[in-house]
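So that the names make sense, note that chain A is the first sequence line, chain B the second, and so on, each numbered from 1.
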Amino acid sequence: MDFTMDSIGNFLSQTFTETSIILTETWVDDNFLLLALALFIFELIRYAFKKKLSWNMLGDSATNLVTLFFLLVTLFFVGLAYVGTFVYAYENFSLTQLPISGWTILGCLILADLAYYWEHRFLHSNGLAWGTHSVHHSSPYFNISVAYRFGPLDWFFPFFFYLPLILLGFNPFVVLMCETFVQLYQTLLHTETVKRLPRPVEAVFNTPSHHRVHHATNKQYLDKNYAGIFIIWDRMFGTFAKEEEEVRYGVFPRINSVNPFKVYFHGYVKLCQQLWHAPNWNYRLQLLIQPPTWAWKRERETK
Amino acid sequence: MKLFASLLTTAGITGVVWGLLHIQPAIADASTEQPIAELSTNKSSIDKQPKNKSVEVKQQATANTTFLQGLSKTIPLEDVPELWVDFYQNLEVNDKENAQQKVIVIYQDISLDFSEATITIGFPIQQSKSNKNKPLIKIPSKAKGTLLLGKGEHTEQELAHAWEGIAILKEVDMVIEHHQLNQHGLPDSSELYVYYKNNQ
């Protein structure tokens, strides 16, 4: 126990170089993908034993990985500009420059998780952002591969939510590492294998149970549990819902396709169609800034 | 909680975390480090620098400012261990009885490829009549520098590795190693700071 406390104490007071931060993030990224793949295979075996494994589920999972590939290709082109802007903002506009210590990394992780909560809530709050995020929610299944189901602008919106951390003086590479950690933590939540974790864990941390609720189409679960690592943000800001009724996954209307291109672009294709057929410019504006349920309600009213 | 209240709470949490990070040990240590001047009550006599080496030394007259007086050479960074040997030899000859608590190493005029620098190893001192005309280097406060390696027992490898934390986009003014000495006069714990030109 003392050893553990000493290790934590040492970590917190230790300072790190930018290079070590970049290397750590790369190492975690590489090894985490292997871990996720191993867990995914375990999930598939479990589904097979439960006789729930289907060709459609396999196709859907393969599509998820193709959307990951699409995202990586996009990042190949925009990644340097993304990091470059962070570095430029840090060098020229940050209020201060915090040392890269264990304490700073811990503080940054907490704030990055808080930033993620708002980013995630934003993605659900307007048609423009939902166009990309709906891709992630469109799978009718819930397994590790769904964590890798990305939309075309999933790289774009986070930038604006993590930039304030740079301006507060967090090193850009520390912010990027924490951003990655928040994402990776959630990857493990996309599973039906884990039912409930011990109560203290469920109270503080986001868990598979909480995240299943987030992916649900059940009315009482809509727009709930936006958290990344800490579920306390949802509890604090009134967006928490407990998993009680069995969860139904996906989006309305269902896309019923495992075509990667259709899956990847369907959110914005649908938004463009809605904009095209909109009765007036105000309606078009509302389609962009109102939650996705707004358009759904209007369409139902007109039918 | 309503949206506005949630946003206010978020701003509050952010402010608290950010504020706490400003009083974290590493920064607190750096900002209260001025007493370095008080530690150096001793008058080191390691001031016999090699006459054939030109060293740019900033002479300052502020009474409470801490200065570095010591052995200075422009050498490749890989030769630093030899400079330490020279420093200890000088120490044995000139200043054996004066027990110091700190040794400071200042790297100035660092070449662009970080292969060579003007390196001064010495003790922190206050300016006095006796050393008024001697070459002294003003030691900037730690608060003005950027911490590369926090106070602690570090290996030479760790110290060298910490240099990788220097922001390559900025112009380096100097790098300073602070070494706390043990009872035998050997470095016990160290920390490393970088100072950029024009307070970048």
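Residue A:L80 qualifies as open at atom CG: its count of foreign heavy atoms under 6.0 Å is 12 or below. Around CH2 of A:W294, the count of heavy atoms belonging to other residues, nucleotides or ligands within 6.0 Å exceeds 12.
Of the atoms belonging to A:I21, not a single heavy atom falls under 4.5 Å from chain B. Only the backbone of B:L148 comes within less than 4.5 Å of a heavy atom of chain A; no side-chain atom from C-beta onward does. Only the side chain of A:T96 comes within contact range of chain B, judged by heavy atoms closer than 4.5 Å. Neither the backbone nor the side chain of A:Y117 comes within contact range of chain B; no heavy atoms are under 4.5 Å apart. At a 4.5 Å heavy-atom cutoff, B:L20 makes no contact with chain A through either its backbone or its side chain.
B:L147 has its side chain out of reach of A:Q97: every pair of non-hydrogen atoms, C-beta onward, lies at least 4.5 Å apart. Side-chain contact check for B:I166 versus A:E18: every heavy-atom pair is 4.5 Å or farther apart.
No other option in B:T10, B:L3, B:I13, B:T14 has as many heavy-atom pairs under 4.5 Å with chain A as B:T10. Ranked by non-hydrogen atom pairs under 4.5 Å with chain B, the options A:N171, A:L111, A:T19 are led by A:L111.
Here the CG atom belonging to A:L114 is positioned 10.0 Å from the OG1 atom belonging to B:T9, to the nearest 0.5 angstrom. One distance of note links CH2 of A:W103 with CG of B:L21; it measures 9.0 Å at 0.5 Å rounding. Going from atom CG of B:L149 over to atom OG of A:S101 covers 12.0 Å, rounded to the nearest 0.5 Å. Note that OG of A:S20 and NE2 of B:H161 are 5.5 Å apart. Values are rounded to the nearest 0.5 Å. Rounding to the nearest 0.5 angstrom, the gap separating the CG atom in B:L7 from the CH2 atom in A:W118 is 4.0 Å. Taking CZ from A:R121 and OG from B:S6, the interatomic distance works out to 5.5 Å, rounded to the nearest 0.5 Å.
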